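Down below is the structure, laid out as structure tokens.
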Amino acid sequence: MVGGPTTPAAAARAGAAGVRSWYQTTAGIVGIGVVVIAAVTVTLILTLGGGDDEPGTAGPSPTGLTTPTTQDTAPSTTEETAPATTAATTTVPAARTVTVEADGSGDYPDPAAAAADLPAGSTIVLGAGVHTIGIPISPTGDLTITGAGRDETTVTAEGPVLTHSGAALTISGVTFERTGSEPGTVASITDATIDLSDLAFRGGVGDGVEGSPVGSGLLLDGFTTGMIRSVTATANVFGIAVYGSSDLGIFDATATLNTDSGVIVDGTSSVSLVDGSIAGNTISGVLARGFSNVSLSGTGSIENGEFGVEARDSSVVGVDGGTLAANELSGLAVNEEARVTVSGTASNDNLQSGYVAFGNSSLSISGASAMGNGLHGFSAQDAASIEITDSAAEANSQSGYVLFDQSIRTVTNCSATANGLHGLGANGSSDVRVEGFSALDNSEVGIRFTDAATAVVEESSALRNGLSGVSVSDTARVAVRGGLYSENGGSGISYRDQAGGRIIDASSSLNGAHGIITTGESTPLIRGNVVHGHPDDAGIAVLTTGAAEVRGNEAYENNWGIAVAERAIAAIIGTNDLHDNDTDFAEGLGVSSEE
């Protein structure tokens, strides 16, 4: 028998068969004794030899029986050595650098095939020309793709051209173009670390869902971080869309002719957009939504269908430098709970306003300019809060600065020149503080308050405006403290209707009508002012039926120093310094108002 039994039971059966064969040819006591010996031998074999299902012992010999040795009958004094084991090893494929040519030659027929096959850390070098792929480029790990330049190397597909997630990705010198008509994004990257440069993205098609990122040229989602330099995104829905909680620096980007916005930032993402050029998009140039944080530095946004820059929801936006111009609505719009800071930016020639704040938003502006806009230079509506310092509004079709509704504004060291209506206007129940303001050569009023507005105007000036320097009407309450109001076409300072407040320590001179006038039922306190140079009218004209109070003023070189109309029976005229007027004090005259 070749190869003996493999179990203890089989070994016992084989030994018994051999004994019976021998016993049949041999008689007598000797045979019986041999049987006994054989039985003992088998027992020892089974006890000492073991079997296959007894771990740590040797199995049967090839003949089925184990020949006993001296060591088999005595305990070993040497410990057994456990069988040696070999640890499993995994070989990591080495990163490779491969070439892919547009005609299908090279190491792979196309870049999608290369990306799917190459190990992490590899590099694909794309030759010049148009590379057409049937499936998107989808790297399996870290990958670098290098083209001959975005004007030289193009990768096209009917569907998505690039999809990537979870690993590092470096791409330069390539245009990605989607040629199909079905909804889809050109390139999408999620949860990756990126370094993208000298790239172009075009051909994204939207799905018709408002706010959907489908159709973006470049979509960055999840927690994507890194740098984007010198890229263009043209003829998509969104040019560059940043969602999730990404953190990116985008330098020298161009986003043009997209059917929604050039750049959108949403979620909790943070984006720094430096030296960008955003133009000709159907909605906004740059749109910030959600809780995003966006910083624009030296970025221009022009000729967009609505706004140059728009901030919504609870986004936080900083705009430093750059030009927002020729947009169909406003250069900059802030809405809802968004907060925006602007510094050193020009917003010119927009069809509506240069800068506008809506809702409960907050807008802080410093060192900015607004020129040639179709409505206003700076505007706040609803309950928005706007703070403007060291800025200029010039040649806007309506007002340089205007507030509506319940908005709040602080205007410090600003100027308004040659605007079509007013230099500054406040309406509704708005509340404004104006300090160091200059209103020059505006077509109507330099500084105007109507409705139930409240204001303080401190150490400001209104010169050469078409009507009054300062006009307060309806039930507005305004305090004018100090400042110069001169050479205006109407009166220097005018209070009308049921307006109230005070005029203290101001100077009003050389105006076309009166220095200071109060009409209607207005009730201002007029005290400590200097009025002069009104040869045909009064320094101070009191025409109101309200309880206006006039005391402690100086009036000279006027037709009348103080003129009080017959109906002004409730007016309180105190002691004033009246000299060198044609008539220092005239009472009961039919003094008229230019208003």
Side-chain angles (χ1 to χ4, degrees), residues 149-151 170-176 187 189 193-202 216-220 224-236 238-242 246-258 260-266 269-281 283-288 292-304 307-311 315-327 330-334 340-350 354-355 365-371:
R150 70 183 182 207
D151 296 330
T170 300
I171 310 177
S172 64
V174 182
T175 288
F176 296 97
I189 300 172
T193 300
I194 61 171
D195 186 351
L196 310 181
S197 61
D198 188 27
L199 302 178
F201 304 89
R202 58 182 181 236
S216 300
L218 174 61
L219 172 60
L220 304 150
T224 295
T225 63
M227 307 281 281
I228 301 172
R229 294 165 293 176
S230 187
V231 302
T232 66
T234 304
N236 307 284
F238 298 112
I240 300 172
V242 184
S246 300
D247 189 354
L248 297 162
I250 303 177
F251 300 85
D252 191 27
T254 299
T256 59
L257 304 177
N258 299 287
D260 199 293
S261 298
V263 178
I264 179 173
V265 185
D266 206 340
S269 295
S270 295
V271 170
S272 178
L273 184 59
V274 180
D275 295 334
S277 178
I278 317 296
N281 301 286
I283 307 297
S284 295
V286 178
L287 172 59
S292 61
N293 192 313
V294 180
S295 172
L296 283 72
S297 179
T299 293
S301 188
I302 64 173
E303 298 178 355
N304 299 287
F307 305 108
V309 176
E310 181 182 6
S315 59
V316 177
V317 176
V319 182
D320 184 9
T323 298
L324 314 175
N327 297 286
S330 298
L332 171 73
V334 190
V340 174
T341 301
V342 178
S343 177
T345 300
S347 189
N348 304 330
D349 301 316
N350 300 286
Y355 308 85
I365 301 174
S366 175
S369 65
M371 299 175 61

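Small disclaimer: the values here were computed from a predicted structure and weren't measured.
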Worksheet item: Taking only residues two or more places apart in sequence or in another chain, which ones pass ring-ring contact (aromatic ring centres under 6.0 Å, His included) with F307?
Response: none
Discussion item. Just to verify, what does F238 make a ring-ring contact (aromatic ring centres under 6.0 Å, His included) with, not counting sequence neighbours?
Written reply: none
Can you give me the closest heavy-atom contact between [X] and [Y], atom names plus distance?
X	Y	answer
V317	A288	CG2-CB, 3.6 Å
T345	G322	CG2-O, 3.4 Å
G149	D198	CA-OD2, 3.5 Å
G354	S347	O-OG, 2.7 Å
I278	A253	CD1-O, 4.5 Å
A368	I365	CB-CG2, 3.4 Å

Within the distance-only criterion (no hydrogens, no angle test), does the side chain of [X] pair as donor or acceptor with the backbone N or O of [Y] below 3.5 angstrom?
X	Y	result
R150	S230	yes
Y355	S330	no
N258	N236	yes
S269	S246	yes
N327	N304	yes
T299	G276	yes

What distance separates [X] [atom1] from [Y] [atom2], expressed to the nearest 0.5 Å?
X	Y	atom1	atom2	answer
I171	L196	CD1	CG	5.5 Å
L199	T175	CG	OG1	8.0 Å
E303	N350	CD	CG	10.5 Å
R229	I250	CZ	CD1	12.5 Å
I264	S292	CD1	OG	8.5 Å
D247	S270	CG	OG	5.0 Å

Check whether any side-chain heavy atom of [X] sits under 4.5 Å from a side-chain heavy atom of [Y], and report yes or no.
X	Y	value
V309	V340	no
V271	V263	no
I283	S261	yes
I228	L218	yes

Worksheet item: Checking side chain to side chain contact (heavy atoms under 4.5 Å, CB included) for the pair L248/I194: CA distance, chi angles, key distance, verdict?
Response: CA-CA 9 Å; L248 297 162; I194 61 171; 3.8 Å; yes
Practice prompt. Classify the side-chain pair T234/T256 by whether it contains a donor and acceptor separated by less than 3.5 Å.
Written response: yes
Item to complete: List the steps, then state whether side chain to side chain contact (heavy atoms under 4.5 Å, CB included) holds for N348 with S369.
Response: CA-CA 8 Å; N348 304 330; S369 65; 4.2 Å; yes
